[in-house]
2 protein chains.
Amino acid sequence: MGVSKTEIFTEEQNRIALYAKVLGNPARVAILQYLFSISECVCGDLVDVIGLAQPTISQHLKELKNLGIIQGNVEGTSVCYCVNMENWNTMKTVMHQFLDLDAAPKKKCC
Amino acid sequence: MGVSKTEIFTEEQNRIALYAKVLGNPARVAILQYLFSISECVCGDLVDVIGLAQPTISQHLKELKNLGIIQGNVEGTSVCYCVNMENWNTMKTVMHQFLDLDAAPKKKCC
DNA sequence: TATATTTATCGTAATATTGCAATATAACAA
DNA sequence: TTGTTATATTGCAATATTACGATAAATATA
């Protein structure tokens, strides 16, 4: 199949999975880290920085944009990207909540 | 292609992406949440709880086991699963560090 | 031993993802 | 307008993922 049965899971479970999925690619991780590392927005040099072909970068940017965690502003012939901190923080909250789950009382068999 | 060019990224970037990828499926999220929610280990009822076929659950458990964040102990005819808290915490640290990235000084264009 | 129960593995179909070449589009510059 | 630059889109090949039926393997019980 290749497609997850989202309808049998809660909205929260699907949301966590969706966030995680988008972060589940090293190119997108690298893009995000780079966006965080610079004080200006990225206009153009992402292709040089990451080392993948331009269409590939463009595709990854699109996915990050679709999720809302980055945004792009047209600046002349180029587009400047940066992290959308509001949506990033929303994601952070959701993921933290999940990762911070703690084991119930005590386990017997492990 | 369908395969990520891991060789052009840092080990950290690949690690983050790998963790996120495994969390990027609602069934695996549901399995983990369930493992956290009960005080005993799961022996057998995961198939009923999640609502996917037994081979599918088994496959997801395998991926979680491969990543090291759960472990299974044979208990008679059944296998009992629980979260490996040590490895879970390692993952948590890595993911937190990434998610807690903060924007450098100030952005101009966003 | 024979049977039942539980989980893992194999094989396969449907779909998704990754990456890139070619091309299109958009905005500026001359 | 024409050319240049930067980014997006399209189309495709290779591979990965998801799900499940069939079956195997392992262990308990009669």
Side-chain angles (χ1 to χ4, degrees), chain A residues 1-9 13-14 17-31 34-35 40-67 70-82 109, chain B residues 1-9 13-14 17-31 34-35 40-67 70-82 109:
Chain A
M1 300 220 159
V3 64
S4 301
K5 274 195 165 176
T6 54
E7 69 276 10
I8 67 170
F9 301 107
Q13 287 163 344
N14 284 316
L18 187 64
Y19 280 135
K21 200 179 199 175
V22 172
L23 298 182
N25 176 290
R28 290 192 289 269
V29 169
I31 288 170
Y34 185 67
L35 285 181
E40 294 299 310
C41 295
V42 174
C43 300
D45 45 20
L46 263 174
V47 173
D48 305 317
V49 172
I50 307 289
L52 291 169
Q54 181 268 324
T56 308
I57 297 292
S58 188
Q59 199 174 264
H60 285 307
L61 288 170
K62 194 179 173 184
E63 281 179 73
L64 293 169
K65 228 181 343 181
N66 284 345
L67 196 65
I70 70 168
Q71 66 190 70
N73 299 70
V74 178
E75 196 111 330
T77 39
S78 59
V79 178
C80 297
Y81 284 101
C82 57
C109 59
Chain B
M1 299 217 161
V3 63
S4 300
K5 273 196 167 176
T6 54
E7 71 275 11
I8 67 169
F9 300 106
Q13 286 162 345
N14 284 316
L18 187 63
Y19 279 135
K21 201 179 197 174
V22 172
L23 299 182
N25 176 291
R28 291 193 288 270
V29 169
I31 288 172
Y34 185 67
L35 286 180
E40 295 299 309
C41 295
V42 173
C43 299
D45 44 21
L46 262 174
V47 173
D48 305 317
V49 172
I50 308 291
L52 290 169
Q54 181 269 324
T56 308
I57 297 292
S58 189
Q59 198 174 265
H60 284 308
L61 288 169
K62 193 179 175 186
E63 280 180 73
L64 292 169
K65 228 180 346 182
N66 284 345
L67 196 65
I70 71 168
Q71 65 189 73
N73 298 70
V74 178
E75 196 114 331
T77 38
S78 59
V79 179
C80 297
Y81 284 102
C82 59
C109 60

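Just so you know, these numbers come straight off a predicted model, no measurement behind them. Proteins come first, then strands; the chains are lettered A, B, ... in the order of their sequence lines, and each starts at number 1. Side chains included, hydrogens not; waters and symmetry mates left out as well; all remaining heavy atoms used.
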Heavy-atom pair with the smallest gap, counting every atom of [X] and [Y]:
{"X": "Ile50(B)", "Y": "Ala30(B)", "result": "CD1-CB, 3.8 Å"}
{"X": "Phe9(B)", "Y": "Ala27(A)", "result": "CZ-CA, 3.4 Å"}
{"X": "Ile8(A)", "Y": "Gly51(B)", "result": "CD1-O, 3.6 Å"}
{"X": "Pro26(B)", "Y": "Asn14(A)", "result": "CB-OD1, 3.3 Å"}

For the CD atom of Gln13(B) and the OG atom of Ser4(B), what is their distance to the nearest 0.5 Å?
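Between Gln13(B) CD and Ser4(B) OG, I get 12.0 Å after rounding to 0.5 Å.
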
Starting at atom [atom1] of [X], determine the distance to atom [atom2] of [N], rounded to an integer number of angstrom.
{"X": "Asn66(B)", "N": "dA8(C)", "atom1": "CG", "atom2": "P", "result": "12 Å"}
{"X": "Lys62(B)", "N": "dT18(D)", "atom1": "NZ", "atom2": "C1'", "result": "14 Å"}
{"X": "Leu18(A)", "N": "dT17(C)", "atom1": "CG", "atom2": "C1'", "result": "14 Å"}
{"X": "Gln71(A)", "N": "dT7(D)", "atom1": "CD", "atom2": "C1'", "result": "17 Å"}
{"X": "Gln59(B)", "N": "dA13(C)", "atom1": "CD", "atom2": "P", "result": "16 Å"}
{"X": "Glu63(A)", "N": "dA8(D)", "atom1": "CD", "atom2": "P", "result": "13 Å"}
{"X": "His60(B)", "N": "dT7(C)", "atom1": "NE2", "atom2": "C1'", "result": "16 Å"}
{"X": "Asn14(A)", "N": "dT18(D)", "atom1": "CG", "atom2": "P", "result": "13 Å"}

What contact category does Ser58(B) fall into here, base, sugar-phosphate, or nothing, at under 4.0 angstrom with non-hydrogen atoms?
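Base contact.
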
What nucleic acid atoms does Ser78(A) come within less than 4.0 Å of, heavy atoms only: base, sugar-phosphate, or nothing?
sugar-phosphate

Looking at residues 44-57 of chain A, who's got a heavy atom less than 4.0 Å off DNA chain D?
Gly44(A), Gln54(A), Pro55(A)

Side chain of [X] only, heavy atoms from C-beta on: which candidate in [options] is closest?
{"X": "Asn25(B)", "options": "dT15(D), dT15(C), dA19(D)", "value": "dA19(D)"}
{"X": "Thr77(B)", "options": "dT17(D), dA19(D), dT6(C)", "value": "dT6(C)"}
{"X": "Tyr81(B)", "options": "dA8(D), dT15(D), dT7(C)", "value": "dT7(C)"}
{"X": "Lys65(B)", "options": "dG19(C), dA8(C), dC20(D)", "value": "dA8(C)"}

Anything under 3.5 Å between a donor and an acceptor, one on a side chain of residues 53-63 of chain A, the other on a protein residue two or more places apart or in another chain? List them.
unit_1   : atom_1 : unit_2   : atom_2 : d
His60(A) : ND1    : Arg28(A) : NH1    : 3.0
Glu63(A) : OE1    : Arg28(A) : NH1    : 3.4
Glu63(A) : OE2    : Arg28(A) : NH1    : 3.3

Side-chain N,O (Lys5(B)) to OP1/OP2 (dC20(C)) below 4.0 Å
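Answer yes for this pair, as a side-chain N or O of Lys5(B) is under 4.0 Å from OP1 or OP2.
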
Can you find a side chain N or O atom of Lys21(A) that sits less than 4.0 Å from OP1 or OP2 on dT17(D)?
no

Closest-nucleotide 5' rank along DNA chain C - winner of Ala27(A) and Leu61(B)
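First, find each residue's nearest nucleotide; the 5'-ward one identifies Leu61(B).
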
Report the residues that fulfil side-chain hydrogen bond (donor to acceptor under 3.5 Å, both in side chains) with Lys65(B), sequence neighbours left out, ordered by chain and then residue number.
Tyr81(B)

